[in-house]
Amino acid sequence: MTMDERTDPIQIIARVGTSWAADEPERAIQVWMHLAGKAGWEVSRVEDAPVDVGAGECGIVDVEGLPYLVRQSRRVRRTLFDDSGGKLTKRSIFGFAAWVEPVLSPDNVIP
């Protein structure tokens with residue numbers, strides 16, 4: 001796979017679960033890193049980077065020399081099958097996903 005054929009990191013959306021996912025930012029980072037690796041990117045974790053977990057931030061990753069912030073929130077459609085009313089029903093809900101946003105700085109942006 002050539003560099004031009006790879007999916008841009010900001011386009012990689014990792015489905016990470018439903019209600020419990022908000023409590024597991026580490027899982028969100030791991031799933032996103034796995035998908036980015038499958039897309040052909042070399043990804044590493046930036047250890048001890050300050051993040052606001054309460055705001056959906058999971059951590060910082062380095063993708064071939066550029067830093068990205070991994071975030072998670074309810075962002076993808078999922079189907080919920082519910083039989084709590086005695087009858088099986090299904091409905092669409094929003095599930096948790098992880099994605100990245102670039103961490104912009106004067107060192108990695110041309111004005």
Side-chain angles (χ1 to χ4, degrees):
M1 179 181 311
T2 67
M3 291 176 65
D4 293 337
E5 294 174 342
R6 297 184 291 182
T7 302
D8 191 283
I10 65 165
Q11 295 174 309
I12 298 170
I13 306 292
R15 294 173 181 266
V16 295
T18 54
S19 60
W20 54 266
D23 297 328
E24 295 190 24
E26 183 61 32
R27 174 172 162 68
I29 272 192
Q30 293 300 325
V31 173
W32 189 90
M33 288 178 66
H34 172 75
L35 291 179
K38 283 181 66 175
W41 295 100
E42 290 184 34
V43 183
S44 61
R45 179 82 180 264
V46 176
E47 299 296 333
D48 301 322
V51 294
D52 184 353
V53 175
E57 298 177 357
C58 300
I60 304 290
V61 294
D62 179 283
V63 181
E64 298 182 8
L66 291 175
Y68 291 84
L69 171 65
V70 179
R71 300 183 62 86
Q72 74 166 343
S73 73
R74 292 184 184 274
R75 187 176 175 111
V76 292
R77 292 181 68 95
R78 300 185 73 91
T79 301
L80 174 68
F81 292 92
D82 183 9
D83 66 352
S84 62
K87 180 181 177 187
L88 184 63
T89 60
K90 70 177 188 175
R91 63 185 170 103
S92 296
I93 61 169
F94 286 107
F96 279 89
W99 71 96
V100 296
E101 297 173 356
V103 177
L104 304 177
S105 73
D107 294 336
N108 62 26
V109 176
I110 298 174

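Values below: all heavy atoms of this structure, side chains included; hydrogens, waters and symmetry mates excluded. We count residues from 1, following the sequence as given.
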* Set of salt bridge (Lys or Arg N to Asp or Glu O under 4.0 Å) partners for R45, sequence neighbours left out -> E26

Side-chain donor-acceptor pairs under 3.5 Å in residues 104-111, sequence neighbours left out?
residue: S105; atom: OG; partner: D107; partner atom: N; Å: 3.4
residue: N108; atom: OD1; partner: S105; partner atom: N; Å: 3.0
residue: N108; atom: ND2; partner: V103; partner atom: O; Å: 3.0

Connected via hydrophobic side-chain network under 4.5 Å: [X] and [Y]:
X: I13; Y: V31; result: no
X: V43; Y: I12; result: yes
X: W99; Y: L35; result: no

* If only atom types and distance count, is the side chain of E64 paired as donor or acceptor with the main-chain N or O of E42 below 3.5 Å? ->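 Here the side-chain-to-backbone pair exists.
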
* Asked: Any donor and acceptor pair, going by atom type alone, linking the side chain of D83 with main-chain N or O of G86 inside 3.5 Å?
  -> no

Mind checking what makes side-chain contact (heavy atoms from CB on, under 4.5 Å) contact with [X], not counting sequence neighbours?
X: R15; value: V76, R78
X: I10; value: D8, Y68, V100, P102
X: T79; value: F81, K90

Taking side chain to side chain donor-acceptor pair (under 3.5 Å) as the test, write out the residues that go with [X], two or more places apart.
X: R75; answer: none
X: S84; answer: D82
X: T89; answer: none

Looking only at heavy atoms, what is the nearest atom pair of [X] and [Y], with distance?
X: C58; Y: A28; answer: SG-CB, 3.9 Å
X: A55; Y: R71; answer: O-NH2, 3.0 Å
X: G40; Y: R6; answer: O-NH1, 3.0 Å
X: V51; Y: G59; answer: CG1-CA, 3.6 Å

* Asked: Atom CE in M33, atom CG in D62: separation rounded to 0.5 Å?
  ->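 Here the interatomic distance stands at 9.5 Å.
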
* To do: Could you walk me through whether R91 and I93 pass the side-chain contact (heavy atoms from CB on, under 4.5 Å) test, one step at a time?
  => CA-CA 7 Å; R91 63 185 170 103; I93 61 169; 3.8 Å; yes

* Taking side chain as C-beta onward, heavy atoms only, is W32 less than 4.5 Å from P9? ->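 Result yes, sub-4.5 Å side-chain heavy-atom pair found.
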
* Does a sphere of radius 6.0 Å around CG in D48 hold more than 12 heavy atoms from other residues, nucleotides or ligands, not counting ones at 6.0 Å or beyond? ->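 Atom CG in D48 is not packed in, count stays at 12 or less.
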
